[in-house]
Amino acid sequence: MCVELQQAVRWRPLGRVDAGEQRLVRAILLVALAGVAVSGYLTYIHYAGIKPICAASGGCEKVQSSNYSTLAGIPVAVLGLGSYVVIVATALIRADLAKVIGCLTALVGFGFSAYLTYRELFTIHAICQWCVASAVLMTVLAVLTSVRAARL
């Protein structure tokens with residue numbers, strides 16, 4: 001058990017990271033930071049009590065004020081923000097365990113985004129451009145972090 005734990009938290013020396021790993025980490029950071037910006041904006045408008053900037057449809061306000069905009073009293077935007085921050089942090093850590101945690105976070109985020117997109121389309125009957133952007137970003141992160149984790 002101890003050997004398995006030591007292997008799971010094995011650190012890579014800084015000078016020995018291959019170019020493929022560096023590109024993956026840069027891509028993950030870029031996409032996750034975009035997610036921080038989107039979910040940070042949605043968190044801000046939630047707590048500021050203001051209407052989101054929305055393209056012509058006006059669906060953002062309807063989605064943001066729906067019953068599905070919170071989970072156990074926590075705004076979904078805050079959950080997204082936390083997920084993106086975890087993915088940024090795990091991208092910066094070279095331990096194998098961090099790669100797995102980043103991947104699992106992105107996969108759960110992808111699944112939850114898919115569920116919320118379903119609710120937008122078939123329950124709320126409105127589309128929020130910010131939510132769609134976050135879902136796309138989380139989908140890309142699910143792929144990128146899975147590739148990174150598969151390279152263990």
For a quick test of reading the model, state the closest non-hydrogen atom pair linking [X] to [Y] and the distance between them.
X: Tyr68; Y: Val76; answer: O-CG2, 3.4 Å
X: Ser69; Y: Gln64; answer: OG-O, 3.1 Å
X: Met138; Y: Ser113; answer: CB-OG, 4.1 Å
X: Glu120; Y: Val63; answer: OE1-CG2, 3.8 Å
X: His125; Y: Lys62; answer: O-NZ, 4.0 Å
X: Lys99; Y: Arg94; answer: CE-O, 4.1 Å

Taking side chain as C-beta onward, heavy atoms only, is Leu29 less than 4.5 Å from Leu92?
->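 Yes, their side chains come closer than 4.5 Å.
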According to a 4.5 Å side-chain heavy-atom criterion applied to Ile, Leu, Val, Met, Phe, Trp and Tyr, with indirect links allowed, do [X] and [Y] form part of one hydrophobic cluster?
X: Val31; Y: Ile101; value: no
X: Trp130; Y: Ile74; value: no
X: Ile87; Y: Val85; value: yes
X: Val132; Y: Leu121; value: yes
X: Val36; Y: Leu144; value: yes

Can you tell me which residue pairs pass the side chain to side chain donor-acceptor pair (under 3.5 Å) test with a partner in residues 72-91, sequence neighbours excluded?
-> Tyr84-Ser134
With sequence neighbours left out, which residue pairs that include part of residues 125-135 fulfil the salt bridge (Lys or Arg N to Asp or Glu O under 4.0 Å) condition?
->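 Checked against salt bridge (Lys or Arg N to Asp or Glu O under 4.0 Å) - neighbours excluded - no pair reaches residues 125-135.
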Let me know which of Leu33, Val88, Leu141, Val140 forms a side-chain contact (heavy atoms from CB on, under 4.5 Å) with Ile28.
->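 That would be Leu141.
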Sole residue of Cys128, Cys131, Ser65 in side-chain contact (heavy atoms from CB on, under 4.5 Å) with Cys60 = Cys128
Which residues share a ring-ring contact (aromatic ring centres under 6.0 Å, His included) with Tyr118, sequence neighbours left out =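 For Tyr118, the residues satisfying ring-ring contact (aromatic ring centres under 6.0 Å, His included) (neighbours in sequence not counted) are Phe122.
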Looking at residues at least two apart in the chain, or sitting in another chain, which of them share a side-chain contact (heavy atoms from CB on, under 4.5 Å) with Thr70?
->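 Once residues adjacent in sequence are excluded, Thr70 has no partner under the side-chain contact (heavy atoms from CB on, under 4.5 Å) criterion.
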Listed partners of Thr123 passing side chain to side chain donor-acceptor pair (under 3.5 Å), at least two apart = Arg119
Enter the distance from Arg151:CZ to Asp96:CG here, rounded to the nearest 0.5 Å.
-> 12.0 Å
N/O donor to acceptor pairs below 3.5 angstrom from side-chain atoms of residues 40-47, sequence neighbours left out:
from: Tyr41; atom 1: OH; to: Ile53; atom 2: N; distance (Å): 2.8
from: Thr43; atom 1: OG1; to: Ser39; atom 2: O; distance (Å): 2.8
from: Thr43; atom 1: OG1; to: Ala77; atom 2: O; distance (Å): 3.4

